[in-house]
Amino acid sequence: MADNGRDERWRLDTLSMLPEPRADEERAARTRARCLEVLARQRAGGQGWRGRVRHWIPALEAAGVAALALFYLGGAVRHALTLLGR
Amino acid sequence: MDEAFDPQLIDRLKSGDERAFDVVYEAYRHRLFAYLIRMTRNRDVAEDLLEETWLRLVDRIETLRDGMKLGPWLFAVARNLFLTHVRSLGPDIGDAGEWTERADEGASPFDAVAANELASRVERGLAAMPVSYREVLLLVGVQGLTPSEAAAVCELTPEAMRQRLLRARRMLAWWLNARDGAKMNEGRHGGQRTR
């Protein structure tokens, strides 16, 4: 019985070692080319409004951080001037 | 396999980065083909469904969420395309979930590449199983998806997947044992048989 169990496990382990059938390379290259063409078309088309928004997100983030830094810096300078004025 | 990918991969794919597409394509094209050919048992159909899977990826790239695992998503698309294909074959084939092909009808495409007899027998055992059991063994046993990933691909609960995996493993073991028994009997009575 134990032998049967071992035997069964050994054979089921074979699943992960099955040979990997290969697709036709020429067709695979054609498929890749078609996909890249679609990607390029999407890129050229600006990827729609979501794509355009995503494109500007890093710039908007940087602008936001810069504005916040300026705001706090301005506050600090104003505070320092007030203290000096006293 | 996903874990080794660049975490920004989906973002790069969305921005149309060709190299990001190539990374995904090289990582999954053989695995998806192996899955599809074992599901369809037909090289031409498997090639068609494979191409359609990749076109779906680029077509729906905007719907991908950052940080999601692409492997299970691609296998789910391939599976859905396979089921649609089976349904399109009409009522003669029967329900997609129960569709089986006769494994012993001619040599399978894998016989040529099966490195040893056991692998060849396991291939035949897989081919003889109902699709619903075959797919879970292919996804978990062959493609290395976790049971929870395979459950998501097959739209099953984790518990249902566990049960199905258990039954599928038993079914394959039973099939292999039955073949062994038949072979042994054949060998024992081989001398008495006439051809």
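Here the structure is a predicted model, which is why all the values come from computation and not from measurement. Throughout, a chain's letter reflects where its sequence line sits, starting with A, and its residues are numbered from 1.
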(request) Kindly say whether A/Asp24 contributes a backbone atom to a donor-acceptor pair with the side chain of B/Glu47 at under 3.5 angstrom? (result) yes

(request) Could you tell me whether a side-chain N or O of B/Tyr25 sits under 3.5 Å from a main-chain N or O of A/Thr31, the two making a donor and an acceptor? (result) no

Can you tell if the side chain of [X] reaches within under 4.5 Å of the side chain of [Y], non-hydrogen atoms only?
X	Y	value
B/Phe21	A/Cys35	yes
B/Ile37	A/Arg22	no
B/Glu62	A/Gln42	no
B/Arg38	A/Leu18	yes

(message) Among B/Leu57, B/Leu50, B/Val142, B/Asp11, which residue has the highest count of heavy-atom pairs closer than 4.5 Å to chain A?
(response) B/Val142

(request) Could you check which of B/Leu138, B/Asp59, B/Asp22, B/Val140 has the highest count of heavy-atom pairs closer than 4.5 Å to chain A? (result) B/Asp22

(message) Between the side chains of B/Glu26 and A/Arg32, is the shortest nitrogen-to-carboxylate-oxygen separation below 4.0 Å, so that they form an ion pair?
(response) no

(request) Indicate if B/Leu166 and B/Met129 have the same hydrophobic cluster label, given that clusters are the connected sets of ILVMFWY residues with side-chain heavy-atom separations under 4.5 angstrom. (result) no

(message) Hydrophobic clustering (ILVMFWY, side-chain heavy atoms < 4.5 Å, transitive) - are B/Leu74 and B/Met68 grouped together?
(response) yes

(request) Give, for atom NZ of B/Lys14 and atom CG of A/Leu39, the distance between the pair rounded to the nearest 0.5 Å. (result) 13.0 Å

(message) For A/Arg27, is the CZ atom crowded, meaning more than 12 foreign heavy atoms sit under 6.0 Å from it?
(response) yes

(request) Might you confirm whether atom CD of A/Glu26 has over 12 heavy atoms from other residues, nucleotides or ligands at distances under 6.0 Å? (result) no

(message) Report which part of B/Leu126 has an atom under 4.5 Å of a heavy atom belonging to chain A: side chain, backbone, both, or neither.
(response) side chain

(message) Can you tell me which portion of B/Leu32 sits under 4.5 Å from chain A's heavy atoms? Options are side chain, backbone, both or neither.
(response) neither

